[in-house]
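Data block below; observations after.
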Amino acid sequence: MAKLLLVLVCFLVTFGVTLIRTNATTYTVGDNSGWDVSTDLETWPQGKKFYVGDALLFQYSSIYSVCEVTRENYDSCNTSNVIATYTDGNTTIPLSKPGEMYFVCGEELYCLGGMKLQVNVLTNSTAGAPQAQSTLPQPSSKTNSPSAILPSTGVVHNNGRDSFVMVFLGFMATMLWMVQI
Ligand SMILES: *[C@@H]1O[C@H](CO)[C@@H](O)[C@H](O)[C@H]1NC(C)=O
Ligand SMILES: *[C@@H]1O[C@H](CO)[C@@H](O)[C@H](O)[C@H]1NC(C)=O
Ligand SMILES: *[C@@H]1O[C@H](CO)[C@@H](O)[C@H](O)[C@H]1NC(C)=O
Ligand SMILES: CC(=O)N[C@H]1CO[C@H](CO)[C@@H](O)[C@@H]1O
């Protein structure tokens with residue numbers, strides 16, 4: 001019985017970690033309005049948390065472009081020296097490192113008209129999840145408490161972002177506990 005349980009726990013942990021790791025979010029900039037001079041791009045990022053591993057999807061018409069720029073050039077809408085330029089109309093930009101990222105429209109006038117975006121990319125994602133393995137129960141352990149069986153609390157530290165996973169793992173832990181009795 002203990003062996004079966006261990007296998008189940010291993011499976012769950014693996015499954016849970018996979019679930020967390022594949023939970024990268026792609027944000028469509030401006031939502032349905034897209035990357036457009038009429039979109040309120042200043043308020044769009046508010047209330048959102050961008051993590052390393054997420055991505056921004058810029059959707060825009062061919063009169064626009066997307067330029068990643070430095071902070072100085074963002075402030076002044078200076079696109080003479082950009083980090084990267086995209087013009088394909090449907091651009092996915094991965095948020096691969098923490099820190100501020102700045103985007104403007106390549107047309108200075110649109111940029112001055114508010115077509116610019118600043119996002120703060122956070123590190124507090126679940127990338128370090130495998131640490132949960134160190135708390136796996138020993139096969140000889142005779143504990144009956146669900147909290148001892150499932151090390152899920154060690155997995156997630158990001159303000160309820162993956163609360164679905166937590167609830168799911170908690171549910172499975174309870175199920176396991178009942179099966180064991
Ligand atoms: C724009 O930035 C470049 C270098 O980043 C600088 O050489 C140029 O003077 C700037 N242009 C304006 C109008 O500020
Ligand atoms: C735009 O890109 C996204 C992600 O790469 C893709 O899912 C979507 O189908 C694309 N849309 C169009 C209109 O090409
Ligand atoms: C992670 O989030 C906590 C609070 O939720 C915060 O105190 C901490 O500074 C964050 N760490 C990083 C690296 O962002
Ligand atoms: C499956 C899963 O956990 N999805 C979550 C991914 O993260 C977003 C927010 O960042 C949640 O809304 C999803 O529920």
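All ligand and atom numbering here is 1-based and tracks the order in the structure.
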List the steps and the verdict of disulfide (SG to SG under 2.5 Å) for Cys77 and Cys111. CA-CA 6 Å; Cys77 286; Cys111 174; 2.0 Å; yes

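No side-chain donor from either of Thr39 and Asp36 sits under 3.5 Å from a side-chain acceptor of the other.
Near Asn73, the atoms of ligand 1 lying under 4.0 angstrom from a non-hydrogen atom of the residue are 2 (O), 5 (O). When each atom of ligand 2 is checked for a heavy atom of Thr92 under 4.0 Å away, the hits are 4 (C), 5 (O).
Atom CD of Glu107 has 12 or fewer heavy atoms from other residues, nucleotides or ligands within 6.0 Å. In the displayed structure, Leu109 atom CG is contacted under 6.0 Å by at most 12 heavy atoms of other residues, nucleotides or ligands.
The aromatic ring centroids of Phe58 and Tyr64 lie 6.0 Å or more from each other.
Partner Cys67 forms a side chain to side chain contact (heavy atoms under 4.5 Å, CB included) with one of Asn78, Thr85, Thr87 and no other, that one being Thr85.
At a heavy-atom cutoff of 4.0 Å, ligand 1 is contacted by no atom of Thr70, backbone or side chain.
Note that atom 5 (O) of ligand 2 has protein non-hydrogen atoms nearby, at separations under 4.0 angstrom. The presence of a protein heavy atom under 4.0 Å from atom 9 (O) of ligand 2 is ruled out.
Distances from ligand 1 to the non-hydrogen atoms of Ser80 include at least one value under 4.0 Å.
Atom 1 (C) of ligand 1 has as its closest protein heavy atom Asn78 ND2, 1.4 Å. Shortest contact from atom 13 (C) of ligand 2 to any protein heavy atom: Asn90 ND2, 4.4 Å.
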